[in-house]
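One structure below.
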Amino acid sequence: MNQNKIRVRFAPSPTGPLHIGGVRTALYNYLFARNSGGKFILRIEDTDQTRFVPGAEEYIIESFKWCGIEFDEGVHIGGPFEPYRQSERKDIYKAYAEQLIASGNAYYAFDTPEELDALRLQYEAEKKTFVYNHEARKFLKNALVLSDAETKKLIESGAAYVIRFKNPEDEIIRMEDLIRGEVVVNTQVLDDKILFKSDGMPTYHLANVVDDHLMEISHVIRGEEWLPSMPLHILLYKAFGWEAPKFAHLPLLLKPDGKGKLSKRDGDRMGFPVFPLQWQDPKSGETSHGYREDGYFPDAFVNMLALLGWNPGDEREIFSLEELAKAFTIERVGKSGSRFDPEKAKWFNHQYLVKKEDAELAQLYIPFLIEKGISADLDYVTQVVKLVKERAHFVYEFWEQSDFFFRAPEVFDEQAVKKRWKQDSYDQIAELKELLSGIENFSSENTEEIVKKWLEEKGYGMGAVLNAFRLIIVGGLRGPHMFDIISLIGQEETLRRLEIGLHELGKKE
RNA sequence: GGUCGGUUCGUCUAGUCCGGUCAGGACGCCAGGUUUUCAUCCUGGUAACACGGGUUCAAAUCCCGUACCGACUACCA
């Protein structure tokens, strides 16, 4: 193995949509690779044929594309270590399993799943736990107990078998985790995990070790749920006589309330996405929300995710992907699980929304307008966006903040009428209409100056008049600066709305 | 049950390795200010070292124990 080359991989199983915890794991791998000038690889771990879900692999690839996370090698782009899909590498694992048998590190076992299940039940009844370990393997149906001739005969007769790892009986394993430091385990407590299944496929444990070695992976950065199997993996590298990669086990993403790791259910329950993209389950037809479809910007999403378990050590919070790559180090990844906070996710999106160009946001807004049956030119929409973007977390919220730029109010908010349409209002607004109709330069600044002067001369209350004015133009007590609004919709439209408003609201007695 | 991991404001976290500033920032929340409304924005406030021992002049920081939480414990990954 070339020791100087940093190579990391993300190795999902195509069993469904990618959970944001998985996205974060991939992100940290990506950032680590970019930070160190290394390579980032996408490998598909589809050794469980029974759990294959159509479309999952495509979903995973599309998710990263959306996030802006790019791979250097992988199932979708190829590379020097092809193939990158384990089902297509099927043939290579058997030989490695047999190599382990030859070296005395593994053995054939013929126990059927039913037999083992029965054993587990039996143990449970006695309040014990059945473990296929160095004790149990001495009295079960395997090559350690059977003679070589019997074993050979069984295999030749076509009996189903698995290959299990033969754990050392009593050995202290000291392991180094980049995030957690030293982890020590006695092999006594380990069980003889299956490496090779009776269906001819390797298990994760064998396949990931073989592939990581063959693909010259230098660092294995994965979720904390893999920490308990790190000893097995270390032992496997040792048994093969290979140098093990460095390991880093990332803390879990926890649910926003209560206990435990974040799950799909939490998203449904609390109304926030758990997946990067929308996903429709091919079997149940059930649809799950995605960040993309819910209006999040990919850069905001990635930024938010990166800060969940990692921090730069200073007080910066807004990072582009490039900035993240520059700042990221594995040392600054925390040890403890992070509770996901949907509120902060929204805040991040707002930050990115405000930072974006008005024209860019207008482009994104136009489809929403079209859906409302409104056609407006980009220039006008850009002006509108400029006025309302600070008030929104998402582009889809623009409509509720700016509908009145595109159409006259159809109804007047009842509460607002009650509060702001007083006895004097009709006459004052009628006067205001007169005033506005005479203005030649209808710019925001100019109308504001003229109206304020008029208010002062007349001794009218600014709040009273302008709120009544707003009520008529907007339909409610909301929206940006009044003079910005009328300047944008124009003099003609302003006067038209005043006419309608006066007629609708009438004179209050 | 067993093994491993974790524990600083409600949440994300800095500080812990190399003991010593009112334990800092952000989100949220609350209050005030700005404003013609709402939002933004500005200012301020709220609020934490899981617990118990020990070592020390001094512990969030080092040691031990306890509690709690989590992950894992499949011919799944």
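Residue numbers begin at 1 in each chain, while the letters A, B, ... track the order of the sequences.
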Can a side chain N or O of N311(A) be found less than 4.0 Å away from OP1 or OP2 on A14(B)?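 For N311(A), the contact criterion (side-chain N or O under 4.0 Å from OP1 or OP2 of A14(B)) is met.
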Taking only side-chain N and O atoms of S338(A), does any of them lie within less than 4.0 angstrom of OP1 or OP2 on U13(B)?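 So the side-chain polar atoms of S338(A) do come within 4.0 Å of the phosphate oxygens OP1 or OP2 of U13(B), strictly under.
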Provide the distance between the two [atom1] atoms, one in [N] and one in [M], to the nearest whole Å.
N      : M      : atom1 : answer
A31(B) : G20(B) : C1'   : 36 Å
C9(B)  : G5(B)  : C1'   : 24 Å
C29(B) : G10(B) : P     : 16 Å
C57(B) : G1(B)  : P     : 42 Å
C30(B) : C69(B) : C1'   : 31 Å
C12(B) : U21(B) : C1'   : 25 Å
G24(B) : A14(B) : C1'   : 6 Å
U46(B) : C64(B) : P     : 37 Å

Residue pair [X] / [Y], side-chain donor-acceptor N/O under 3.5 Å:
X       : Y       : result
Q86(A)  : D211(A) : yes
D484(A) : S444(A) : yes
E448(A) : H481(A) : yes

Hey, does [X] reach any base, or is it just sugar-phosphate, or nothing, if we go heavy atoms under 4.0 Å?
X       : value
T50(A)  : nothing
P231(A) : nothing
V185(A) : sugar-phosphate
T129(A) : base
K261(A) : sugar-phosphate
G334(A) : nothing
R51(A)  : base
M482(A) : base

Nearest to the side chain of [X], which nucleotide is it out of [options]?
X       : options                : value
R332(A) : G28(B), G15(B), A26(B) : G15(B)
E225(A) : A74(B), G24(B), C72(B) : C72(B)
R478(A) : U37(B), C4(B), U13(B)  : U37(B)
R420(A) : U37(B), A77(B), G6(B)  : U37(B)
K197(A) : G28(B), A71(B), A77(B) : A77(B)
L116(A) : A26(B), G5(B), C75(B)  : C75(B)
R164(A) : C75(B), U40(B), A71(B) : C75(B)
H481(A) : A71(B), A26(B), U36(B) : U36(B)
D48(A)  : C76(B), C12(B), C75(B) : C76(B)
S336(A) : C75(B), U8(B), U36(B)  : U8(B)

What's the [atom1]-[atom2] distance between [X] and [N], to the nearest Å?
X       : N      : atom1 : atom2 : answer
L250(A) : G5(B)  : CG    : P     : 17 Å
D314(A) : G15(B) : CG    : C1'   : 14 Å
Q86(A)  : A77(B) : CD    : C1'   : 10 Å
Q351(A) : C12(B) : CD    : C1'   : 15 Å
L140(A) : C75(B) : CG    : P     : 12 Å
Q188(A) : C4(B)  : CD    : P     : 11 Å
K422(A) : U36(B) : NZ    : C1'   : 15 Å
H205(A) : A74(B) : NE2   : C1'   : 10 Å

Would you mind pulling out the nucleotide paired to [N], Watson-Crick or G-U wobble, both distances under 3.5 Å?
N      : answer
A74(B) : none
U21(B) : none
G32(B) : C42(B)
U56(B) : none
U16(B) : none
U7(B)  : A67(B)
U61(B) : none

Can you confirm if the aromatic rings of F247(A) and W226(A) lie within a centre distance of less than 6.0 Å?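 Ring-ring flag for W226(A)/F247(A): false, centres at least 6.0 Å apart.
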Check: R470(A) side chain, U36(B) base, donor-acceptor under 3.5 Å: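 Looking at the base of U36(B), it does pair with a donor or acceptor on the side chain of R470(A) (distance under 3.5 Å).
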Could you please spell out the steps behind the ring-ring contact (aromatic ring centres under 6.0 Å, His included) verdict for Y291(A) and F301(A)? CA-CA 8 Å; Y291(A) 279 85; F301(A) 171 69; 4.7 Å; yes
Show the numbers, then the answer: is there a side-chain hydrogen bond (donor to acceptor under 3.5 Å, both in side chains) between D266(A) and S263(A)? CA-CA 6 Å; D266(A) 302 313; S263(A) 73; 3.3 Å; yes
First encountered from the 5' end of RNA chain B, between E390(A) and V183(A):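 Nearest nucleotide further toward 5': that of V183(A).
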Start at the 5' end of RNA chain B and walk down; is the nucleotide closest to F340(A) or to P12(A) reached first?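 The answer here is F340(A).
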Is the count of non-hydrogen atoms from other residues, nucleotides or ligands lying under 6.0 Å from K246(A) atom NZ greater than 12?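 Check fails, neighbour count at 12 or below.
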Do NZ/NE/NH1/NH2 and the carboxylate oxygens of D413(A) and R478(A) come within less than 4.0 Å?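 Salt bridge between D413(A) and R478(A), a charged N being under 4.0 Å from a carboxylate O: no.
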Please determine whether a side-chain nitrogen of the Lys or Arg among K283(A) and D281(A) lies less than 4.0 Å from a carboxylate oxygen of the Asp or Glu.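 Looking at K283(A) and D281(A), the cut-off is not met.
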